2 protein chains.
Amino acid sequence: MKRVKKKIFHDYIARQGLKSTRQRDIILEAFLSSDRHLSIEELYLKLRVKHPNIGYATVYRTLKLFAESGIAREMQFGDGQTRYDHVGEGEHHDHLVCTGCGAIIEFENETIETLQNEVAAAHGFLIKTHKLELYGLCARCRG
Amino acid sequence: MKRVKKKIFHDYIARQGLKSTRQRDIILEAFLSSDRHLSIEELYLKLRVKHPNIGYATVYRTLKLFAESGIAREMQFGDGQTRYDHVGEGEHHDHLVCTGCGAIIEFENETIETLQNEVAAAHGFLIKTHKLELYGLCARCRG
DNA sequence: GCGCATCATGAAAGTGATTTTCACTAACAT
DNA sequence: ATGTTAGTGAAAATCACTTTCATGATGCGC
Ligand SMILES: [Mn+2]
Ligand SMILES: [Mn+2]
Ligand SMILES: [Zn+2]
Ligand SMILES: [Zn+2]
């Protein structure tokens, strides 16, 4: 899994004529080993422990590259920070977001996806991506 | 329609012990007469033509009030600006967003809404709101 | 109407999360 | 090894709000 994503990223870097750097590899490993939905700052702080010389701007720019290469997805859950989700080959999932504790649960629903495509088709739209987020209280927070 | 929303807003203002002001009425009229999905700045610039003395902060605060009163909804379409959508009594719709020309098309799909509730129920979630946006190219942009 | 406790307004300053700049360094093709 | 081009990190700049503060309206009770 990690191996596959590292290859996808390195292939992307090569294809774009970009360079392979120590920092990018360190950030890539940290990203792939981290929880999903981390913000730039969260990943930066995590990295800083073992790599205090890596700058915030580099983490920021590298996460953008991850998104461009297809191994990450930029997310906005309304908490004011951009978060980066992990993306698997040909996989897709949507989110349930708890407004109480901030928990984020992932789910997949093929029927909804199909209906979305029907809606798009009915409007002559060609869908590239979509965002489906359900906000509310998780089982634990709805006391 | 406008009449109904103005009443909803004025009732809200009264209920909260707030005051009815010239500015709020001007902004309300401009908002209800405007295109949907306008940003604070867009509405501010539109207003400035006939009311150059109304400040940005007042537009900002008044749009928040509209959202609180239930006649508007804050939206984030990923272009970096918060947009305010019009909300009708008991109505709900989702959006198709063209990444080519920025066009925003509204749609309703009861089946999808039902499926969303089933997903939430399956996870013990109590849904408060949701966001469904389909991004892609509109009929005109997919040349 | 008048007084006045509140709330509202507008200009300007403050915030927080990026995003860009710039001087310097590292990659890598030759 | 060298030159060319891309990358890095610290700091400054942006951007879109958001709050502050001195001043101005509102509107209930006389
Ligand atoms: Mn996810
Ligand atoms: Mn809409
Ligand atoms: Zn929760
Ligand atoms: Zn379009």
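The structure presented is a predicted model; accordingly, all values stated were derived computationally and were not measured. Chain naming here is simple, since letters A, B, ... match the order of the sequence lines and numbering starts at 1 in each.
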Novice: To the nearest angstrom, how far is Ile40(B) atom CD1 from dT18(D) atom C1'?
Specialist: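 Ile40(B) atom CD1 is separated from dT18(D) atom C1' by 10 Å.
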
Novice: Members other than Val87(A) in its cluster, when Ile, Leu, Val, Met, Phe, Trp, Tyr link by side-chain heavy atoms under 4.5 Å?
Specialist: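 Traced through the cluster, Val87(A) reaches no other member.
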
Novice: Nearest whole angstrom, please: distance from the C1' of dA17(C) to the OH of Tyr44(A).
Specialist: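 In whole Å, dA17(C) C1' lies 14 Å from Tyr44(A) OH.
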
Novice: Within this structure, what is the CD-to-P distance between Gln81(B) and dT18(D), rounded to whole angstrom?
Specialist: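 Spelled out: CD on Gln81(B) to P on dT18(D) is 12 Å.
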
Novice: I'd like to check the side chain to side chain donor-acceptor pair (under 3.5 Å) partners of His86(B); sequence neighbours left out, ordered by chain and number.
Specialist: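 With neighbours one apart ignored, the set is empty.
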
Novice: Name the orientation class of the two ring planes belonging to Phe31(A) and Phe66(A) (parallel below 30°, tilted from 30 to 60°, perpendicular beyond 60°).
Specialist: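 Ring orientation, 0 to 90° scale: tilted.
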
Novice: Expressed as a whole number of angstroms, how long is the span from Glu74(B):CD to dC17(D):P?
Specialist: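 Answer to the nearest Å: 9 Å.
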
Novice: About how many Å separate CG of Leu137(B) and CG of Leu96(B), when rounded to the nearest 0.5 Å?
Specialist: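 Answer for the CG-CG pair, Leu96(B) versus Leu137(B), is 11.5 Å.
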
Novice: Check the distance between dT18(C)'s C1' and Gln76(A)'s CD and give it to me in whole angstrom.
Specialist: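 The answer, rounded to whole Å, is 11 Å.
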
Novice: Quick one: side-chain hydrogen bond (donor to acceptor under 3.5 Å, both in side chains) pairs with a partner in residues 132-143 of chain A, sequence neighbours left out?
Specialist: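 As it turns out, the side-chain hydrogen bond (donor to acceptor under 3.5 Å, both in side chains) pairs with a partner in residues 132-143 of chain A, which skip direct neighbours, are Glu133(A)-Tyr135(A).
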
Novice: How many angstroms lie between atom CG of Leu18(B) and atom CD1 of Ile13(B), to the nearest 0.5 angstrom?
Specialist: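 Those atoms lie 4.5 Å apart.
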
Novice: Supply the atom-to-atom distance Tyr44(A) OH to Thr62(A) OG1, rounded to the nearest 0.5 angstrom.
Specialist: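 Nearest 0.5 Å value for the OH-OG1 distance: 13.0 Å.
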
Novice: What integer distance in Å separates Arg15(A):CZ from dA6(D):C1'?
Specialist: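 In whole Å, dA6(D) C1' lies 18 Å from Arg15(A) CZ.
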
Novice: Please tabulate, for side-chain N and O atoms in residues 98-112 of chain A, each donor-acceptor pair with protein atoms closer than 3.5 Å (sequence neighbours left out).
Specialist:
| from | atom 1 | to | atom 2 | distance (Å) |
| --- | --- | --- | --- | --- |
| Thr99(A) | OG1 | Gly136(A) | O | 3.2 |
| Glu106(A) | OE1 | Arg36(A) | NE | 3.4 |
| Glu106(A) | OE2 | Arg36(A) | NE | 2.8 |
| Glu106(A) | OE2 | His37(A) | NE2 | 3.0 |
| Glu106(A) | OE2 | His93(A) | NE2 | 3.0 |
| Asn109(A) | OD1 | Thr111(A) | N | 3.1 |
| Asn109(A) | OD1 | Ile112(A) | N | 2.9 |

Novice: What does the B/S/- profile of nucleotides 25-30 of chain D look like, 5' to 3', with a 4.0 Å heavy-atom cutoff to protein?
Specialist: BBS---

Novice: In whole angstroms, how far is the P atom of dT8(D) from the CG atom of Asp25(A)?
Specialist: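 Value for this atom pair: 10 Å.
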
Novice: Roughly how many Å is it from CZ in Arg24(A) to P in dG9(D), rounded to a whole number?
Specialist: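 In whole Å, dG9(D) P and Arg24(A) CZ are 11 Å from each other.
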
Novice: Show the numbers, then the answer: is there a salt bridge (charged side-chain N to carboxylate O under 4.0 Å, His left out) between Arg83(B) and Glu74(B)?
Specialist: CA-CA 6 Å; Arg83(B) 294 177 175 284; Glu74(B) 287 192 355; over 6 Å; no

Novice: Identify whether any heavy atom of Ser39(B) sits under 4.0 Å from a base atom; if not, whether one sits that close to sugar-phosphate; answer base, sugar-phosphate or nothing.
Specialist: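 Counting heavy atoms under 4.0 Å across all strands, no contact is made by Ser39(B).
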
Novice: I need the residues from residues 45-71 of chain A with at least one non-hydrogen atom less than 4.0 Å from DNA chain C; give them sorted by number, or say none.
Specialist: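 Listed by number, they are Tyr56(A), Ala57(A), Tyr60(A), Arg61(A), Lys64(A).
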
